[in-house]
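Keep in mind that what you see is a predicted model, and the values were worked out from it rather than measured. All values below come from the heavy atoms of this structure, side chains included, with hydrogens, waters and symmetry mates left out.
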Amino acid sequence: MAIPSEAVRVRYAPSPTGDFHVGGARTALFNYLFARHHGGRFVLRIEDTDQKRYNPEALNWLLRGLRYLGLDWDEGPETGGEYGPYVQTQRLEIYREHTRRLLESGRAYRCFCTPERLEAVSRELQEKGQNPGYDRFCRKLDPEEAAVRAARGEAHTVRFRMAESGEITVHDLIRGDITFQNANLQDTVLMKSDGIPTYHLANVVDDRLMKISHILRGDEWVNSLPLHVHLYRALGWEPPVMAHLPLILNPTGKGKMSKRESRAPDGRVMPVFVRRFEEMGYLPEAMINYLALLGWSFDDRTEIMSRQELIERFSLERVNASPAVWNYEKLDHLNGYYIRQLPVTELAERLLPFLRAAGFEADREKVLKVAPLIQERITTLSDAPAVANFFFLEELPPYDAAELVPAKGDAGMARIALEKAREALAAAGFTQAELEAALRSAAGDLKIKPGQMFQPIRVAVCGRKAAPPLFETLEVLGRETCLKRIDEAIRKLQS
RNA sequence: GGCGCUAUCGUCUAACGGUUAGGACGGAGCCCUCUCAAGGCUCAAAUACGGGUUCGAUUCCCGUUAGCGCUACCA
């Protein structure tokens, strides 16, 4: 695709009404990748024209989420830029000016209908079996007279004077040409009675003024495409290139990805907010990689891609048109993969806050030793406390003495094995290799299988059957702790 | 209801008229192995349906069906 690099300017334009959602993150990512791929600019614009749903925390959640994902914006809040301000409520005068222009050219008109009337009209139309909507009552008002009423302070909105016939065809980079009949379109409100524009006006004006070259947004916007294009034309502008991204659907495949967190049948939390994924210990590397694969692909085999590779390979031509179902298992797989790829020092560093949050007295030195032992056993960083608890706990959580009994053995065998192990551990050098040699020979002395000796020891020191490799674990734990826990296990077997 | 979008394994996807329809997640099995993982190998698993166009359709066109989205002085 021949796209002049300097010309590429894209934006992510969320509304600060709630928490930063993965659907939004995917839209932001595609914009980011497209901008970086073409050496263009990635603009962040806050569309806060809905004062009723405004949430003062939303902006913080958004910025934090974008930073966690590493989606740095070139222009926007906290960054500035030459097309600012980047918050729409700080641009109200601009929208009013453009509204005046539309009023003067006759492409818009003042509407004095009350919300009550609007509702009644819509209901009436529906009862008559017609499409609900506005009956264009104020369209035929004399503009001069309407201006006078407005000047007197009469509450009113400004509506777009939509063409009543004909059709409009819009080209979408992902979907091709889409044709709409103008007769099906509404005289949509552009300026609300409180003097704040609706999304439609603000969006069109800002994209133009901010020199946005490509609009990459979710598929839920295709139905406002004809309105927007009419608006651009009415203002004497050419619309930017349009590309509507496929929706992300719930894991069930029913409906678009929920805005609320839910729980799986097993009680597991199914996060939908970027902040929650961060809290749960999903790596930004994995999130980015997974999100990129939702609606886009590189070829028939490559799935693991770094941010740099994604930037190099991303292209709108390979974005899918069909919706994508969210798949937590696949994300988990990628997260586990990226955790395993981390250098141990890096893993330890990322693990530290999660271990401390669990109440463990975790220091760097200790975590550095534990990290390699749990690296391929966790899928998220927040799995670490449960998997590595016995490394940090002074007292092991209670476990059933029956766990100590090895396969094809009995309590007596477990006890003998542990006593023998205790003896060996008291004497052996405490390195992985020496421990293994000592314990294998101890098992040999008892004429039992190595596994029948290792399993009781494992349960004694870890408090459970599934754990990291035994000898490394013993080494990290140290002689004192190991002997103490084996003694406790022997006591458990006696009682 | 109206309008719009979409349609390949359960899921994410590859194929840009000619392939034994490929890969990944998940599932099953085997191997490795001190448990659990990780890793390796193998297997099962798809072109929604009906018409066209074409020598030939997963691919292009139309219809049906289904799913989803929008239908506010919300974005």
Is the shortest side-chain N/O distance from [X] to OP1 or OP2 of [N] below 4.0 Å?
X: A:Lys465; N: B:C34; answer: no
X: A:Ser297; N: B:A14; answer: yes
X: A:Asn320; N: B:A7; answer: no
X: A:Lys330; N: B:U11; answer: no
X: A:Arg458; N: B:C36; answer: no
X: A:Lys192; N: B:A75; answer: yes
X: A:Ser224; N: B:C70; answer: no
X: A:Arg175; N: B:G69; answer: no

Could you work out the separation of [N] and [M] based on their [atom1] atoms and round it to a whole Å?
N: B:A44; M: B:U6; atom1: P; value: 34 Å
N: B:G69; M: B:C30; atom1: C1'; value: 46 Å
N: B:A21; M: B:C9; atom1: C1'; value: 11 Å
N: B:U47; M: B:G4; atom1: P; value: 29 Å
N: B:A72; M: B:C16; atom1: P; value: 43 Å
N: B:A48; M: B:U65; atom1: C1'; value: 8 Å
N: B:U35; M: B:U58; atom1: C1'; value: 47 Å
N: B:C12; M: B:C74; atom1: C1'; value: 31 Å

Parallel, tilted or perpendicular: which describes the rings of [X] and [Y], with under 30° parallel and over 60° perpendicular?
X: A:Tyr199; Y: A:Trp221; result: parallel
X: A:Trp326; Y: A:Tyr290; result: perpendicular
X: A:Phe298; Y: A:Trp296; result: tilted
X: A:Phe277; Y: A:Tyr328; result: parallel

Nearest of [options] to any side-chain atom of [X]?
X: A:Arg301; options: B:U35, B:A7, B:G22; result: B:G22
X: A:Leu118; options: B:U6, B:C34, B:C73; result: B:C73
X: A:Phe471; options: B:C34, B:U6, B:A75; result: B:C34
X: A:Arg159; options: B:A75, B:C73, B:C68; result: B:C73
X: A:Pro323; options: B:U6, B:U35, B:A75; result: B:U6
X: A:Asn223; options: B:G69, B:U6, B:C68; result: B:G69

So what does [X] hit on the nucleic acid, given a heavy-atom distance under 4.0 Å: a base, only sugar-phosphate, or nothing?
X: A:Pro251; result: nothing
X: A:Arg340; result: sugar-phosphate
X: A:Pro14; result: nothing
X: A:Pro115; result: base
X: A:Glu220; result: sugar-phosphate
X: A:Ala321; result: sugar-phosphate
X: A:Trp326; result: nothing
X: A:Arg217; result: nothing
X: A:Pro246; result: nothing
X: A:Leu293; result: sugar-phosphate
X: A:Gly218; result: nothing
X: A:Asn131; result: base
X: A:Asn184; result: sugar-phosphate
X: A:Tyr290; result: nothing

Now, which nucleotide makes the Watson-Crick or G-U wobble pair with [N], with each of the two distances under 3.5 Å?
N: B:C41; answer: B:G29
N: B:G4; answer: B:C68
N: B:U54; answer: none
N: B:A14; answer: none
N: B:A21; answer: none
N: B:G63; answer: B:C49

Judged by nearest nucleotide, the residue sitting upstream toward the 5' end of RNA chain B, A:Val222 or A:Gln186, is A:Val222
When A:Ala466 and A:Cys111 are each assigned the nearest nucleotide of RNA chain B, the 5'-most assignment goes to A:Ala466
Quiz item: So do A:Leu216 and A:Leu316 actually touch side chain to side chain, heavy atoms under 4.5 Å?
Solution: yes
Can you measure [X] atom [atom1] to [N] atom [atom2] for me and round it to whole angstrom units?
X: A:Asp300; N: B:U8; atom1: CG; atom2: C1'; result: 14 Å
X: A:Glu329; N: B:G27; atom1: CD; atom2: P; result: 8 Å
X: A:Ile374; N: B:A38; atom1: CD1; atom2: P; result: 14 Å
X: A:Asp299; N: B:C16; atom1: CG; atom2: C1'; result: 14 Å
X: A:Tyr199; N: B:C70; atom1: OH; atom2: C1'; result: 13 Å
X: A:Phe298; N: B:A24; atom1: CZ; atom2: C1'; result: 16 Å

Heavy-atom closest pair (A:Gln452 atom, A:Gly409 atom, distance to 0.1 Å) is NE2-N, 4.4 Å
Do [X] side-chain and [N] base share a donor-acceptor contact under 3.5 Å?
X: A:Glu376; N: B:G39; value: no
X: A:Thr157; N: B:C73; value: no
X: A:Arg53; N: B:C74; value: yes

Any side-chain to backbone donor/acceptor pair from A:Glu303 onto A:Leu293? Under 3.5 Å, distance only. no
Discussion item. Strictly distance-based, threshold 3.5 Å: is any side-chain N or O of A:His333 a donor or acceptor partner for the main-chain N or O of A:Thr379?
Written reply: no
Here the gap from A:Leu347 atom CG to A:Leu351 atom CG, rounded to the nearest 0.5 Å, amounts to 4.5 Å
Within a reach of under 6.0 Å around CZ of A:Phe137, are more than 12 heavy atoms found that belong to other residues, nucleotides or ligands?
-> no
